[in-house]
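In what follows, chains carry the letters A, B, and so on, assigned in the order in which the sequence lines appear, proteins first and then strands, with residues in each chain numbered from 1.
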There are 2 protein chains.
Amino acid sequence: MATPLEKAHKDPESMKARILAVACRIFGEYGFHGTTTRMIAQEVGIDISTLHYHWGEKKDLYEAVILDINKDLGQKLIDVEKIIHGLPLGERMAIAIDTMTDYFFARPEISNIMLFRYIAKTRDNVDLRVPEFTADIARSMGLAKKSFNLADSMPDSRVNSAANLPNYTPPRAMLEVLAVMNAIHNFISGENFFRPMVNLEREEYIKAVKETLKFVLIPAFVQREGETRQS
Amino acid sequence: MATPLEKAHKDPESMKARILAVACRIFGEYGFHGTTTRMIAQEVGIDISTLHYHWGEKKDLYEAVILDINKDLGQKLIDVEKIIHGLPLGERMAIAIDTMTDYFFARPEISNIMLFRYIAKTRDNVDLRVPEFTADIARSMGLAKKSFNLADSMPDSRVNSAANLPNYTPPRAMLEVLAVMNAIHNFISGENFFRPMVNLEREEYIKAVKETLKFVLIPAFVQREGETRQS
DNA sequence: GTTTGCTTCCATCAAATGATGGAAAACATA
DNA sequence: TATGTTTTCCATCATTTGATGGAAGCAAAC
């Protein structure tokens, strides 16, 4: 309908976009309940009613933040997938870990909000995309077959059987991807807690985190791939 | 001083202990800001003033929860250390992961609260023990030398140099331990989110989590140990 | 039975918080 | 400039929330 209006709202300089950006940061720092609409409004430099005018109630703004993050993260994953496509597994993982770690360190709110959502009890169902991302990564990492469809060879099997769905991803593959992603998120979100523990400057910390992640996470997968190839 | 009074407060049936136990669970589910003193009081079945009578202000209760968790976790780590002592690294890690995973699944509030503290912005300094635990585990896993003291061989080196302190643990070893511990916490705290994603019953989920953790985390350490031994 | 000290609850407060109505301001357009 | 639309702010509400004072309950000591 109102094309100029919608366009204005997508302009990153628009009030609506500015509020969203600040909300993302504050929600990330303090969580949903730890954040007040007044905190966000004050940070933007506006009145609370302006905030409500653009985004409705607090929960709506929070959901908008989630959707925004999901969009951004989804795009980033596509970008990384393009870069690492075709390389051997060890290199794919190393590059992916380096790139995603830099990305999250640049936007720690993303890691924070993702982890908050995993941990805290919540009733909102905004989030159909995390499972989707996880399955995509699993496929990209060769942990699940691409568009594997058992039904082709077993036409009589039950339609409802999850394993027969086109893009079915086995639980173990999903959990392995989650283990990798969460390991990254933890070091970003936990920086304020962990960095004093190890007594490193920010740059050193980032470097050490990358090395640690690559050291801990890669060998298992590379080793298994080798074994599978041999047999 | 008042011995009978203090004794009463340590009795797990005492009101003070009951409040603490419930507080631990609720704080774990909703985080500090997401929890109200009324929620806790209602769950215990008492009035808010009774809660305040025993524990003072909300923050004091929260700090008591942290201390309680740290105590329990510290004891558990000592127990595990005893069991795995002397075994080869791969087995040590496998048993430690199995045992700690069971422990955290039985008391998910612990994982929740640990992660909440890592993520959320906080100013409290209740927590001198997490670094200590981490260093202990690092030593137990052979990632840091036990009571290594350079000053013995270099009497003139600067006293303040961290590397010369008796129980100094290098950053990389600390981060490696954190990576392992956090990987466990994530799957426990994230159960509500991850389990529907992988569509498993609780028991299956726990089993799959343990397998995934052992698969992802152990090979890197075992492999490095082998390389170090060879050289 | 009375006193004493600890525990619990009811009533209530003050501050914080999410939210809204309506006036003023800013902006666009004819 | 006049007119209509959009945006912003001020004043204000109703709830929620952390917190307290004081009365009532209760048990052991005297």
For [X] and [N], is the shortest distance between a side-chain N/O and OP1 or OP2 below 4.0 Å?
| X | N | result |
| --- | --- | --- |
| A:His54 | D:dT6 | no |
| A:Thr50 | D:dC9 | yes |
| B:Tyr53 | C:dT8 | no |

Would you kindly say whether A:Tyr30 and A:Asn112 are connected by a side-chain donor-acceptor distance under 3.5 Å?
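No, A:Asn112 and A:Tyr30 have no side-chain donor paired with an acceptor closer than 3.5 Å.
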Between B:Tyr168 and A:Asn199: side-chain donor-acceptor atoms closer than 3.5 Å:
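No.
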Cation over ring face, B:Lys210 and B:Phe105, 6.0 Å, 45°:
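Judged by the rule (NZ or CZ under 6.0 Å from the ring centre, within 45° of its axis), B:Lys210 is not positioned above B:Phe105.
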When you compare the side chain of B:Gln75 with that of B:Lys71, does any pair of heavy atoms fall below 4.5 Å?
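Of all side-chain heavy-atom pairs linking B:Gln75 with B:Lys71, none is under 4.5 Å.
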A:Thr37 and A:Gln42, any side-chain heavy atoms less than 4.5 Å apart:
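Not in contact.
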Sequence-aligned protein contact record of nucleotides 14-25 of chain D, with B where the base is within under 4.0 Å of a protein heavy atom and S where only the sugar-phosphate is
---BBBBB----
How close or far is atom C1' of D:dC10 from atom CG of A:Leu51, stated in whole angstroms?
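Interatomic distance, CG of A:Leu51 to C1' of D:dC10: 16 Å.
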Quick one: A:Leu61 CG to C:dT17 C1', roughly how many Å, whole number?
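Those two atoms, CG and C1', are 15 Å apart.
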Please find the pair of heavy atoms, one from A:Phe32 and one from A:Lys59, that lie closest to each other, and give the distance.
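Minimum heavy-atom contact is CE1-CA, 4.1 Å.
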